Amino acid sequence: MPELPEVETIRQSLSERLGSARITRIEQRFPGVFSDLSGGYALPLTVEGLRRRGKYLLIDLCDDRGSPLILILHFRMTGKCLLTDGGAEPAAHTHVSLFAEDRDGAQCRLDYNDVRRFGRIWLFSGRDETVHPTIRALGPEPLSDQFTADSLWQSIRRHPQPSVKAILLNQAEIAGIGNIYADEALFLAGIRPSRRGRSIRKYEAVRLHQAIRDVLLLGIGHRGTSFRDYVDGLGRQGSFQQVLNVYGRSGAPCRVCGTPLQTATVAGRTTRSCPVCQK
DNA sequence: CGATTATCCTGCACGC
DNA sequence: TGCGTGCAGGATAATC
């Protein structure tokens with residue numbers, strides 16, 4: 001379930017080698033995962049850089065005629081990118097393979113693998129990721145200056161009825177938070193996930209804003225959370241799962257007060273919290 | 001119209 | 001051991 005820190009780590013892990021590669025061939029196995037321009041481009045495609053927006057990985061490309069293109073990936077739950085020398089056969093459930101050569105002329109291959117087929121890949125002409133309607137509708141990047149305590153406070157005020165967790169998961173309000181980092185941020189902020197937006201006070205929004213930034217930066221620092229499936233673009237696990245406070249710790253003692261952590265369904269998602277530390 | 005719920009999809013843990 | 005069941009969850013469609 002790659003969220004912002006995982007997608008950022010994937011971006012970093014792929015940047016060095018893929019960031020200057022030339023894609024010579026695209027092989028598509030399972031139809032439906034990848035939607036391209038129906039061949040409206042000329043191979044090879046030169047990679048000009050890798051960016052991220054929310055949970056989306058953006059790969060800037062330039063085709064053989066000099067036309068800019070953008071490849072957009074969303075991993076959803078179990079999507080993975082794996083960059084290898086291409087010696088081994090692609091793993092099971094590999095839906096798309098990009099055959100490429102790196103800066104040194106060495107062959108490499110980027111496999112998109114997704115056992116549950118929830119993830120999607122799009123190829124658009126141009127460089128503007130906002131041609132993708134969902135990306136256009138995304139809220140601020142939580143690690144940018146656009147995301148402030150006041151912008152979070154305004155987001156909460158726009159949604160008095162839904163739970164504060166639902167607001168954090170709403171990509172149109174804040175981009176990139178998923179179930180793991182929502183639970184962790186709410187724990188750090190000392191706020192019960194089921195609290196309705198209308199019950200949140202401004203000082204709590206200020207705390208939550210700081211907690212969101214802290215937990216995302218911590219997640220990136222640990223190179224992501226390898227709780228179940230996640231590995232980066234070179235197949236390496238992250239380590240944030242070792243220091244999670246609540247996610248996946250139902251019934252385990254709270255690291256702060258020792259009370260058993262509780263589980264509930266909030267915003268349609270399994271939600272863990274400390275009944276004592278979170279008010 | 002905003003909020004909530006169902007749907008997609010497969011591997012794995014679990015109980016009997 | 002084998003089999004059935006439920007669960008994981010991001011975005012979107014459907015429904016309330």
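A note on names: the letters A, B, ... follow the listed sequences, proteins ahead of strands, and every chain is numbered from 1. Every value quoted in this text rests on a predicted model; they were computed, and no experiment measured them.
Regarding A/Asp229, its CG atom lies at a distance of 10 Å from the C1' atom of B/dT10, rounded to whole Å.
Contact annotation for A/Arg117: backbone-only contact, meaning every heavy-atom pair under 4.0 Å involves sugar-phosphate atoms and none involves a base. Using a 4.0 Å heavy-atom criterion, one finds that A/Met1 contacts the sugar-phosphate atoms exclusively. Heavy atoms of A/Thr134 sit under 4.0 angstrom from primed sugar atoms or phosphate atoms, though from no base atom.
For A/Pro160 and A/Val115, each mapped to the nucleotide of DNA chain B holding its nearest heavy atom, the one lying further toward the 5' end belongs to A/Pro160.
Set against B/dG11, C/dG10, C/dA8, the side chain of A/Tyr247 has C/dA8 as its closest nucleotide. Considering only side-chain atoms of A/Arg269, the nucleotide from B/dA3, C/dG10, C/dA8 that sits closest is C/dG10. Side chain of A/Arg76, nearest nucleotide from B/dC9, C/dA11, B/dG11: C/dA11.
OP1 and OP2 of B/dT10 both lie 4.0 Å or more from every side-chain N or O belonging to A/Thr78. For the OP1/OP2 pair of B/dG2 and a distance below 4.0 Å, the side-chain nitrogens and oxygens of A/Gln161 include no atom meeting the criterion.
In this structure, A/Asp183 pairs ionically with A/Lys165, as a charged nitrogen and a carboxylate oxygen lie closer than 4.0 Å.
Counting heavy atoms from C-beta outward, A/Phe187 and A/Gln278 have side chains that approach closer than 4.5 Å.
Centroid-to-centroid, the aromatic rings of A/Tyr247 and A/Phe240 stay 6.0 Å apart or farther.
Aromatic stacking of A/Phe118 on C/dG10: satisfied, with centres closer than 5.5 Å and planes within an angle under 30 degrees.
Between atom NZ of residue A/Lys279 and atom CD1 of residue A/Ile191 there is a gap of 12.0 Å, rounded to the nearest 0.5 Å.
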